[in-house]
Amino acid sequence: MELGHMNVTGDCKTVTGVLSRIGDKWSVQVVVQLGQGPRRFNELRRIIGDISQRMLTLTLRGLERDGLVTRTVYPTIPPRVEYKLTELGCSLLMTVRGLGDWARQHHHEIAEARRRYDQGASEGEADAA
């Protein structure tokens, strides 16, 4: 497999900064949910389930800062706030869905590899004793 020429130091810094935002489980779940269409804060919180209000707030702020999500405040009483994926966020959604498809396609192979690895590790511990 040929990966091509990369400026390793510069590319690693760039990639690390981006992946730190989109690599956490909350950001991925928010992006997937917003891929269904615009959502309000409490709707997202209810759908995602075990995310705290603070964590959802931080996640949405980070995604908005990175240009992946827009936040629209409607002048109602009480104010209605809606979150929506940007064009950039939609392009990320396509990648996330592809990764999800890959995970679903290969989860049996990964589970088997883990089983073999864990079995070998436990046998190695027994041999060391």
Within this structure, what is the [atom1]-[atom2] distance for the pair [X] and [Y], rounded to the nearest 0.5 Å?
X	Y	atom1	atom2	value
Leu58	Ser27	CG	OG	10.0 Å
Gln36	Leu34	CD	CG	9.5 Å
Arg46	Arg40	CZ	CZ	10.0 Å
Asp101	His106	CG	NE2	10.0 Å
Leu44	Leu60	CG	CG	6.0 Å
Asp50	Lys25	CG	NZ	5.5 Å

Steps toward side-chain contact (heavy atoms from CB on, under 4.5 Å) verdict (Trp26, Leu56): CA-CA 8 Å; Trp26 301 124; Leu56 181 55; over 6 Å; no
For a quick test of reading the model, state the closest non-hydrogen atom pair linking [X] to [Y] and the distance between them.
X	Y	result
Glu109	Gln105	OE2-O, 4.1 Å
Pro38	Glu43	O-OE1, 4.5 Å
Ile48	Val30	CD1-CG2, 3.7 Å
Val73	Pro79	CG1-CB, 4.2 Å
Ile47	Gln33	CG2-OE1, 3.1 Å
Gln53	Phe41	O-CZ, 3.6 Å

Heavy-atom neighbours of Arg65 CZ exceed 12 at 6.0 Å: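 At most 12 heavy atoms, drawn from other residues, nucleotides or ligands, come within 6.0 Å of this atom.
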Over 12 foreign heavy atoms within 6.0 Å of CD, Glu87: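 Result for CD/Glu87: open.
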Give a yes or no on whether [X] and [Y] share a hydrophobic cluster (residues Ile, Leu, Val, Met, Phe, Trp, Tyr; joining criterion: side-chain heavy atoms under 4.5 Å apart).
X	Y	answer
Val31	Leu19	yes
Leu92	Leu88	yes
Leu63	Met94	no

If only atom types and distance count, is the side chain of [X] paired as donor or acceptor with the main-chain N or O of [Y] below 3.5 Å?
X	Y	value
Thr86	Gly67	yes
Asp66	Leu68	no
His107	Arg104	yes

Any side-chain heavy-atom pair of Val81 and Arg71 under 4.5 Å: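 Yes; the side chains approach each other to less than 4.5 Å.
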Over-ring placement of Arg80 relative to Tyr74, 6.0 Å and 45° cut-offs: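 Arg80 over Tyr74 ring: yes.
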Step-by-step side-chain contact (heavy atoms from CB on, under 4.5 Å) determination, Glu112 to His108: CA-CA 6 Å; Glu112 177 59 22; His108 291 297; over 6 Å; no
